[in-house]
There are 2 protein chains.
Amino acid sequence: MEAATLKDIARELNISVSTVSRALRDSYEINPETKRLVMECATRLNYRPNPIALSLKGSSSKALAVVVPQIANYYFSQAINGIEEVAQQRGYDVIIFQTHETYEREVAALRQALARRVDGLLISLSSETSTVAHLQEFQQHAPIVQFDRVSSQLATPRVVADNFAGAYAATEHLIKTGRRRIAHLTIQPWLSITQERLAGYRAALEQNCLAYDETLVRFGTFGPNEVGPLVDELLALQPPPDAFFTASDRLAVGCLAALRQRRLRIPADVSLIGFTNLTVADMLAPALSTVEQPATDIGREAVARLLDIIERKHRAAPPATVTMPTALHVRESTSLMDLTP
Amino acid sequence: MEAATLKDIARELNISVSTVSRALRDSYEINPETKRLVMECATRLNYRPNPIALSLKGSSSKALAVVVPQIANYYFSQAINGIEEVAQQRGYDVIIFQTHETYEREVAALRQALARRVDGLLISLSSETSTVAHLQEFQQHAPIVQFDRVSSQLATPRVVADNFAGAYAATEHLIKTGRRRIAHLTIQPWLSITQERLAGYRAALEQNCLAYDETLVRFGTFGPNEVGPLVDELLALQPPPDAFFTASDRLAVGCLAALRQRRLRIPADVSLIGFTNLTVADMLAPALSTVEQPATDIGREAVARLLDIIERKHRAAPPATVTMPTALHVRESTSLMDLTP
DNA sequence: TTTATTTGCGCAATCGTTGTCGGTAACGTT
DNA sequence: AACGTTACCGACAACGATTGCGCAAATAAA
């Protein structure tokens, strides 16, 4: 059973294809009786408009592109979950691209998305991306909404977690539990989220009369075996840090592993808090304090914005930034400092 | 800058569209010199064939559909990672659908996929799915490869983990560490993976002269708060279980939480092993023994099979089953039984 | 009755690409 | 000189849907 087309209906009813098309779109210039016949026949033949033909015709492809650095990542898989949910609800399909954190693959992904004539793009920038010419080029064809890793050079709506507030809360919490030398392990310095978190961290320090010490802050793209050496470096400082604040899932887990490997007691020797979406955070040893980002909601919100632009044809979209609240979860890894020697 | 089309090249060179088309496809009936000109012009205009037009023409859409119950799931996000990687390498885009474990959304997803004229389908069945008519229907249009949750009623290649061996190894390991009353928490009984794991569990028991006790086996779709009561039920048995073997990520974590909440010592009172893809398994408290499935490899293998069928046009694909080895990771949660009272 | 106007529908172009067919030279063969 | 080959290229239709335009018939207004 092949998919029914307008032509099939037209043949069946001995009318022209154009009449069928108009009847289905409820055009005023079609006889109500004819409409009824066409509708009936369409449901009988289980007619569905061919999205490919529609795309070619140039109207809309009913498909969205999602470009993220990685799928196999707690944060992004949750975000995509939210995106797919809302998109599907509103009749759009989602095409996924991974950049694996490279600029090159990001460009390739955009090219693909363009070729597919997607109606819009949701993107979280790769860590290599520092220019946005490729995105501006894309923007001339379809609207973009950025989420999580966003660039301010690009005029689009942005949906992000409240990174400043989250980092501020985490840092302040560490200070209130008696920590004074707080190391911050974070990702590439040019990313918006890195800067915002760093700013929050710094603001909390200064609000609490602690000096900002840049030797305590480390940036990087930390592979599986790169966190250990870094932790060693930090621990060699005088005085050594008494707390670690990490900026991603990978870093939190890597740091936890490194600290445990080095037989440091958490939180007795150092405390640890992460910016993560680990659902198992409270099952870790020790239970990991975290700043949780509403990843699913960020996905939902981002795609909702995008679809509003697409459907209301607000081409000149308000490049507003939506900030979603983060939540501080205090667990064992940041208990009060043990002051007994 | 709009995307260049054949027409643009044709106009530029004052030749016909068909000639351009053939020149680019390196047809024998085009003058080498003309070909050169066309090629040069094509690269200059940055021409890319329009996949939409190609799809409409009926040849191939260069897109694959992936249908999974959930994206935000350690196992599936890793599998999709593998799928996307290989697909992208071989020039195919991936369209993702989530069924949220419902038959209805699975049918809807297949309909969408069909409308998009995808060249093939990778599917892991929803837990509600018991009939495969919708898949057979789909099969008449494009090839299917099943992975993980597969149905034997459907003649397609299948790529799965070695569930029997994995479950056997886990169970045997529990027995060798002194356990005798091994509970098995698993998912819906009609799923292939459930049955295979159950069979492996049972075989290991019987090989070791332990009776299979069906009151120790529980099936279900365990929501966030459903694991607790179940654990209570099992612990009320006489004698109570001294080990838990769970069949999924969610169950392993849920069970761990429930046991800890009830102040049972792991592994002193009970030991616990999961069938999971948790990357943080050895960071949990206690470090969780697991049977690890090669999710990424399963994804890679499945998509490779599918693309082979698509490209070699082996429509009558060998419905072979590829079994990928699992790995037993012994950690703290299944240490030797403590025999001191 | 003649002229407007409305109603209802079909024709044909369009989107980008490919396949079928046919045509025109230039050449070689008798 | 007449014919067949070969090499090369263009016109056209088709995929499925939308849309501007035109055309006929029916109705309304003159």
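Note on naming: letters A, B, ... go to the chains in the order of the sequence lines (proteins, then strands), and numbering restarts at 1 for each one.
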Measure the distance from [atom1] on [X] to [atom2] on [N] and round it to the nearest whole Å.
X: B:E29; N: D:dT5; atom1: CD; atom2: P; result: 18 Å
X: B:R25; N: C:dT18; atom1: CZ; atom2: C1'; result: 7 Å
X: B:N14; N: D:dG10; atom1: CG; atom2: C1'; result: 13 Å
X: B:L114; N: D:dG16; atom1: CG; atom2: P; result: 13 Å
X: B:L6; N: D:dC9; atom1: CG; atom2: P; result: 16 Å
X: A:I15; N: D:dA17; atom1: CD1; atom2: C1'; result: 15 Å
X: B:D8; N: C:dG16; atom1: CG; atom2: P; result: 8 Å
X: A:L56; N: C:dT14; atom1: CG; atom2: C1'; result: 9 Å

Name the closest nucleotide to the [X] side chain, picking from [options].
X: A:N31; options: C:dG8, D:dT18, D:dG10; value: C:dG8
X: B:T19; options: D:dC8, D:dA17, D:dC9; value: D:dC9
X: A:T34; options: C:dC9, C:dT17, C:dG19; value: C:dC9
X: B:P49; options: C:dG10, C:dT17, D:dG16; value: C:dT17

Is the phosphate of [N], meaning OP1 or OP2, less than 4.0 Å from a side-chain N or O of [X]?
X: B:S21; N: C:dT18; value: yes
X: B:Y47; N: C:dT17; value: yes
X: B:S16; N: D:dA11; value: no
X: B:R117; N: D:dC15; value: no

Do B:S18 and D:dA11 share a donor-acceptor pair, side chain to base, under 3.5 Å?
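Checked by distance alone, the answer is yes.
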I'd like to know if B:K57 reaches the base of D:dA14 with its side chain, counting only an N/O donor and acceptor under 3.5 Å.
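Under the 3.5 Å cut-off, the side chain and the base do form a donor-acceptor pair.
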Touch check for [X], heavy atoms < 4.0 angstrom, all strands: base, sugar-phosphate only, or nothing?
X: B:T5; value: sugar-phosphate
X: B:R22; value: base
X: B:I30; value: sugar-phosphate
X: B:I52; value: nothing

side-chain contact (heavy atoms from CB on, under 4.5 Å) partner of B:V160, the single match among B:V322, B:T321, B:I193, B:D148
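Option passing the side-chain contact (heavy atoms from CB on, under 4.5 Å) with B:V160: B:T321.
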Would you call A:E301-A:R305 a salt bridge at under 4.0 Å N-O?
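Salt bridge: yes.
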Euclidean distance, [Y] [atom2] relative to [X] [atom1], rounded to 0.5 Å:
X: B:L110; Y: B:R105; atom1: CG; atom2: CZ; value: 12.5 Å
X: A:N81; Y: B:I96; atom1: CG; atom2: CD1; value: 11.0 Å
X: B:K57; Y: B:R117; atom1: NZ; atom2: CZ; value: 14.0 Å

Ignoring hydrogens and angles, state whether a donor on the side chain of A:E101 or A:S127 is under 3.5 Å from an acceptor on the partner side chain.
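Result is yes, a qualifying pair exists.
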